[in-house]
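Beneath this line is the structure, given in structure tokens, with notes to follow.
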Number of protein chains: 2
Amino acid sequence: MAAKTNPIPSVWARQQPAPDQPALSRAAIVREAIAMLDAEGIEALSMRKLGARLNAGATSLYRHVATKDELMELAVDEVAAEIVVPSPDFARADPEADSPDWRAAATEAARSFRATALRHPWLSSVLGQAGLAYLGPNLMSFSERLAALFTAAGFPEPSRAIDTVLSYVIGMSTTEAAWLTTVARSGETEAAFIARLMPAAQQAAAGHDHLTDAYAEPPAADPAEIRETKFAYGLEVVLDGLSLRLPR
Amino acid sequence: MAAKTNPIPSVWARQQPAPDQPALSRAAIVREAIAMLDAEGIEALSMRKLGARLNAGATSLYRHVATKDELMELAVDEVAAEIVVPSPDFARADPEADSPDWRAAATEAARSFRATALRHPWLSSVLGQAGLAYLGPNLMSFSERLAALFTAAGFPEPSRAIDTVLSYVIGMSTTEAAWLTTVARSGETEAAFIARLMPAAQQAAAGHDHLTDAYAEPPAADPAEIRETKFAYGLEVVLDGLSLRLPR
DNA sequence: CCCCAGATGCGTACAGTGTTCGCAACGAAG
DNA sequence: CTTCGTTGCGAACACTGTACGCATCTGGGG
């Protein structure tokens with residue numbers, strides 16, 4: 001029986017070792033997953049589509065990743081590496097200032113966090129579901145650098161200060177990211193989306209005096225700029241409150 | 001042909017108008033959905049299970065609710081009614097104090113928000129995905145009351161103050177809710193879960209000096225109490241920072 | 001060189017999901 | 001009694017995450 005009913009195993013059908021395509025590996029999978037999440041959002045990521053993008057079957061991924069949740073955890077830790085937290089060297093920059101510029105460092109860390117959260121809006125969804133229970137290496141060194149920063153700043157209870165500023169930053173960033181996701185789904189520019197939303201908002205605000213005032217007219221400035229100054233304002237508030245807790 | 005192959009349509013098989021069971025209505029659906037979300041978490045809610053709980057078929061729900069996302073939006077607005085924001089009557093309570101106790105009112109609102117978020121942990125997941133784009137009546141009056149409070153407190157830009165404190169409260173509450181969800185999934189008590197997590201945390205912290213200090217020994221006090229004082233601390237910080245922005 | 005063991009890819013299958021569609025039963029209106 | 005709009009629902013579709021078992025490939029002894 002030379003001819004079988006099964007597909008003929010021909011030498012030519014032999015799959016070459018994927019000459020250019022990157023081999024299937026945990027790192028490649030995570031990298032491609034992040035690319036997909038960034039491009040199409042969190043609900044567009046499925047194991048089958050991800051496999052297809054890697055020229056692989058869906059179930060092949062499970063050789064390198066235990067479960068989809070674990071894959072998301074890996075993705076979170078991967079993008080956590082993008083957050084830059086300045087080293088606590090600010091004292092050396094200006095040796096005569098005995099109250100060094102920890103505020104600039106904290107501000108830089110906060111801005112970097114926000115930037116990464118807006119660059120990867122799916123992060124907000126994952127944070128809302130899984131929180132900070134992840135122990136990936138990048139998240140750990142993120143925490144470590146924050147601890148170093150606020151300790152060097154002189155806070156008697158650095159973890160309290162960290163939790164406070166981090167809560168503010170997370171709250172503002174996730175809210176912003178969720179909003180931007182909604183905007184992106186509409187396919188419009190942010191300003192156009194706001195303009196289209198205004199009537200509904202004004203109607204919903206009917207009977208509420210302060211809200212009707214707030215929604216009286218569309219904002220004049222660039223929405224992105226508005227969001228940035230809003231973030232900066234709240235951050236200054238939090239840092240002001242914290243600086244009251246510094247000894248002296 | 002008295003007998004057909006189809007099931008015999010007997011008078012006795014006629015379904016009574018569901019004597020005790022509540023009729024299928026949008027309100028009943030939302031109420032039951034919230035009960036399910038609270039009891040079993042967000043990923044346990046499916047239209048089929050929800051229908052079964054209401055003695056109804058899965059697809060019947062779509063007569064009263066356009067889509068599952070809309071159902072979630074309704075659920076969010078429903079629980080938003082639980083958040084109590086004090087009326088700005090604090091001035092009248094003590095007529096001689098010209099700087100009335102807006103802090104107590106804001107603190108009460110913040111605590112109420114947190115309590116609601118912890119009572120319905122699924123709220124965090126939804127907030128991370130949809131943000132504040134919802135315009136339900138309860139959310140609107142929540143915003144209105146906040147605006148009234150901070151306006152009466154004398155803030156020149158009340159919306160800025162609101163955004164700041166709300167961001168902090170949302171950030172801390174969602175983080176906490178996500179943590180509690182993880183704990184609940186483990187089936188253990190919070191303290192037991194922490195104890196079981198400690199080794200992994202310590203190992204992950206290896207090489208990070210500040211973190212190894214922080215994870216040196218398990219916390220002594222009741223975890224729930226720790227979380228509460230942490231929340232209170234950060235809130236004080238934010239309110240301190242805000243009070244610097246008050247005129248005078 | 002051969003052979004075999006372990007690692008890797010993947011086709012099939014299962015139990016579920018949200019949602020659409022067309023049909024049946026109903027209460028009220030004419 | 002007939003008609004009509006509303007409500008419920010069974011079947012079906014296009015997906016999802018993942019377990020299982022078989023094929024193939026790779027590298028290291030004999």
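In this text, all values refer to a predicted model and were calculated from it rather than measured experimentally. Chain naming here is simple, since letters A, B, ... match the order of the sequence lines and numbering starts at 1 in each.
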Q: Could you tell me the separation between the CD atom of B:E70 and the P atom of C:dG18, rounded to a whole number of Å?
A: 15 Å
**Q.** Nearest listed nucleotide, side chain of B:R63, among D:dG8, C:dT19, C:dG9
**A.** D:dG8
Q. What's the NZ-P distance between B:K68 and C:dG16, to the nearest Å?
A. 15 Å
Q: Rounded to the nearest angstrom, tell me the gap between atom CG in A:D69 and atom P in D:dT16.
A: 16 Å
(Q) Output the rounded distance in Å from CD1 (A:I29) to P (C:dT8). (A) 11 Å
**Q.** Side-chain N or O of A:K49 closer than 4.0 Å to phosphate OP1/OP2 of D:dC15
**A.** no
Q) Is there side-chain contact between A:V76 and A:L139, with at least one heavy-atom pair below 4.5 Å? A) yes
Q) Hey, does the side chain of B:H64 come within less than 4.0 Å of D:dG8's phosphate (OP1/OP2), counting only N and O? A) yes
Q) What is the distance, rounded to the nearest whole Å, between atom CD of A:E40 and atom C1' of D:dT16? A) 16 Å
Q: Give one of base, sugar-phosphate or nothing for B:S46, where a contact means two heavy atoms less than 4.0 Å apart.
A: sugar-phosphate
Q.
Going by side chain to side chain contact (heavy atoms under 4.5 Å, CB included), B:V238 matches just one of B:V169, B:T164, B:L166. Which one?
A. B:T164
Q. What's the CG-C1' distance between A:L50 and D:dT18, to the nearest Å?
A. 14 Å
Q) Looking across every strand, which nucleic acid part, if any, lies under 4.0 Å from A:L45 by heavy atom: base, sugar-phosphate, or nothing? A) sugar-phosphate
Q) B:S60 side chain N/O closer than 4.0 Å to the phosphate oxygens (OP1, OP2) of D:dT7? A) no
Q | NE2-OG distance between B:H64 and B:S25, expressed to the nearest 0.5 angstrom | A | 6.5 Å
Q) Mind checking whether B:F142 and B:F113 have parallel, tilted or perpendicular rings, split at 30° and 60°? A) tilted
Q: Check the surroundings of atom CZ in B:R111: do more than 12 heavy atoms from other residues, nucleotides or ligands lie under 6.0 Å from it?
A: no
Q. Contact class for B:A56 (heavy atom, under 4.0 Å): base, sugar-phosphate, or nothing?
A. sugar-phosphate
Q: Could you work out which one of D:dG17, D:dC20, D:dC22 sits closest to the side chain of A:Y62?
A: D:dG17
Q) Between D:dG8 atom C1' and B:N55 atom CG, what is the distance in whole Å? A) 13 Å
Q.
Quick check: on DNA chain C, is the nucleotide nearest A:R48 upstream (toward 5') of the one nearest B:A44, or the reverse? Name the residue that is more 5'.
A. A:R48
Q) When you measure from the side chain of B:M47, which nucleotide among C:dG18, C:dC10, D:dG8 comes out closest? A) C:dG18
Q | Rounded distance (Å) that lies between atom P of D:dC9 and atom CG of B:L61 | A | 9 Å
Q) To the side chain of A:L24, which of C:dG9, D:dC20, C:dT19 is closest? A) C:dG9
(Q) As a test of reading the structure: which of C:dT19, D:dA19, D:dG8 is closest to the side chain of B:T59, going by heavy atoms? (A) C:dT19
